[in-house]
Structures are given as C-alpha cells and as structure tokens.
Amino acid sequence: YGKSALVLGYLEAWLGKDSMDKAMKQYYEQWKFKHPSPADFRKAIETATGQQLDWLFNQLIESNQKLDYNIRSAKRITGSGGNDYRVRIRNLADVNGPVILAAQRKDSTLSTYLLSGAAQIDTQLSLPTGATHLQIDPLWQMPEINAKNNRYRLNAFAARRSEEHTSE
C-alpha cells in the first residue's frame, strides 16, 4: 500500500492538486458501488486528465523499475542577455517519469519547473534572478532512489552577479 500512496502523490505533484482531485472525483462517480479493476482505474484517470500515463502504471506500479534523475549540466546561454540556461538532465534508472525541478537560493524555492520524463532531458529555462542552484524534487514528491545526486550548483560567478543585481 505504501508504494501506491507514494506513486499517487507523485502523480498529484505532476498534475496539480485540482486536476488530481477532479480525476479522482470522476473515477469515484463512474465506479461507486461497483467493483472496478486496476485497468478501470487507469482508464478513468487517463481519460479525466487527458494524459497517457504509461510511466506511472507500467513502469512504477506494475514493475519494480526505479526512478533516478541527475542534473548533468546547467550552462548560461551566452548572448541571451538574461538568466537563460541550457539544462541537461540524465535518467540513471528505468522509469521515464516527469521531473520536478526547482531553481533555488539557499533553502528557498524561487521557481518550479515540471519537465516531461525521458532518458535524456535537454531544455532551456529562464531562471529567476538570484538562483544559486537547481534541485530535483525539493519537496520529496518523486520516488527517487538516490536523492544525493539531485542538486546542481550554478556557476558561482553568475550566481554572485545575480545576487548583486537584486541588492541594488
């Protein structure tokens, strides 16, 4: 039962509370006083959210595959004139679930990004001024097997420069 609760919490973090509540209410209304199967639950949730959730049902619930992402690099894009970064994330395990990524300063989250899961994620993000590091899953909502590799310190010079601009 613990695995199901953990995985559904991860799904809620990905979809958002309102969307998850709506999907669960639709599931309840469709199946109250009946005997649904796990396949019925899956179909109801996928229909209500409009999303295909293979990563959740096939990879996390119905197998013993693991989830482990690692930030490979985060480099400022030269010539962008702002805080645009190219961020590369690598999947070190089997599950291609979505990634919850936060731009932070100390222990404070400045901005959160929801990224679709893949073996390799290569994305461009505009980070908030003053961000000193990136953190995968800062609120422990993903069933990651190794949280020790979830933090990436941004370029110290760039972070210091951003902090100087915010204090002016």
Side-chain angles (χ1 to χ4, degrees), residues 2-27 38-78 80 82-105 108-129 131-155 158:
K3 181 178 180 180
S4 297
L6 182 66
V7 170
L8 288 177
Y10 178 32
L11 179 62
E12 181 179 77
W14 171 248
L15 295 174
K17 184 164 178 38
D18 291 342
S19 182
M20 185 68 172
D21 285 349
K22 179 183 171 189
M24 292 301 285
K25 286 176 185 172
Q26 286 181 6
Y27 169 71
D40 296 324
F41 177 73
R42 177 182 181 160
K43 184 177 180 185
I45 297 299
E46 286 183 335
T47 299
T49 62
Q51 301 217 13
Q52 187 175 4
L53 301 171
D54 289 343
W55 61 269
L56 178 85
F57 291 100
N58 295 351
Q59 296 181 325
L60 282 175
I61 294 177
E62 296 174 6
S63 79
N64 59 0
Q65 293 178 335
K66 307 293 185 231
L67 180 73
D68 185 24
Y69 282 103
N70 158 268
I71 302 169
R72 301 288 294 163
S73 65
K75 295 182 181 177
R76 185 178 288 236
I77 299 171
T78 56
S80 68
N83 286 335
D84 293 339
Y85 280 78
R86 182 176 183 180
V87 179
R88 292 184 173 158
I89 299 172
R90 182 174 66 165
N91 187 344
L92 302 174
D94 309 309
V95 176
N96 288 328
V99 177
I100 301 166
L101 180 69
Q104 296 185 316
R105 178 178 44 225
S108 173
T109 296
L110 303 174
S111 188
T112 301
Y113 309 90
L114 301 174
L115 308 173
S116 295
Q120 301 285 331
I121 300 170
D122 190 348
T123 188
Q124 181 176 327
L125 299 174
S126 207
L127 301 181
T129 301
T132 58
H133 63 277
L134 296 174
Q135 176 78 37
I136 293 174
D137 192 27
L139 298 176
W140 300 77
Q141 297 167 301
M142 297 170 59
E144 280 258 310
I145 60 168
N146 181 11
K148 292 179 183 177
N149 65 6
N150 286 0
R151 189 176 173 105
Y152 186 92
R153 185 162 187 229
L154 297 171
N155 178 308

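All values reported here derive from a predicted model rather than from experimental measurement. Side chains included, hydrogens not; waters and symmetry mates left out as well; all remaining heavy atoms used.
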Regarding D21 and K17, does a basic nitrogen lie under 4.0 Å from an acidic carboxylate oxygen?
yes

Say you draw a straight line from [atom1] of [X] to [atom2] of [Y]; how long is it, rounded to the nearest 0.5 Å?
X: L154; Y: Q104; atom1: CG; atom2: CD; value: 10.5 Å
X: L125; Y: N83; atom1: CG; atom2: CG; value: 11.5 Å
X: L101; Y: Y152; atom1: CG; atom2: OH; value: 12.5 Å
X: L139; Y: D137; atom1: CG; atom2: CG; value: 7.0 Å
X: D18; Y: E12; atom1: CG; atom2: CD; value: 9.5 Å
X: S73; Y: Y85; atom1: OG; atom2: OH; value: 12.0 Å

Quick check: does any side chain N or O of Y69 sit under 3.5 Å from a backbone N or O of G97, one acting as donor and the other as acceptor?
yes

Tell me the closest heavy-atom pair linking [X] and [Y], and the distance in Å.
X: A102; Y: T109; answer: CB-CG2, 3.8 Å
X: R105; Y: L110; answer: NH2-CD2, 3.8 Å
X: Y113; Y: P128; answer: OH-CD, 3.5 Å
X: T49; Y: S19; answer: CG2-OG, 4.2 Å
X: A13; Y: I100; answer: CB-CD1, 3.6 Å
X: L6; Y: P143; answer: CD2-CB, 3.5 Å

If the condition is side-chain hydrogen bond (donor to acceptor under 3.5 Å, both in side chains), which residues does S126 pass it with, not counting sequence neighbours?
D84

Restricting to pairs with a member in residues 52-64, which pass side chain to side chain donor-acceptor pair (under 3.5 Å), not counting sequence neighbours?
R42-D54, R42-N58, Q52-D54

For [X] and [Y], does a side-chain donor sit closer than 3.5 Å to a side-chain acceptor?
X: H133; Y: R151; answer: yes
X: N96; Y: N91; answer: yes
X: N150; Y: E144; answer: yes

Can you confirm whether V7 sits close enough to L56 that some side-chain heavy atom of one is under 4.5 Å from a side-chain heavy atom of the other?
yes

Taking only residues at least two apart or on different chains, which pairs with a member in residues 85-104 satisfy salt bridge (charged side-chain N to carboxylate O under 4.0 Å, His left out)?
R86-D122, R88-D122

For a side chain to side chain contact (heavy atoms under 4.5 Å, CB included) check, start with the C-alpha distance between L115 and I89, then their side-chain angles and the critical distance, and finish with the verdict.
CA-CA 10 Å; L115 308 173; I89 299 172; 3.8 Å; yes

Decide if atom NZ of K3 counts as having more than 12 heavy atoms of other residues, nucleotides or ligands within a radius under 6.0 Å.
yes

Could you check Q51 against E46 for side chain to side chain contact (heavy atoms under 4.5 Å, CB included), going step by step and ending with a plain yes or no?
CA-CA 5 Å; Q51 301 217 13; E46 286 183 335; over 6 Å; no

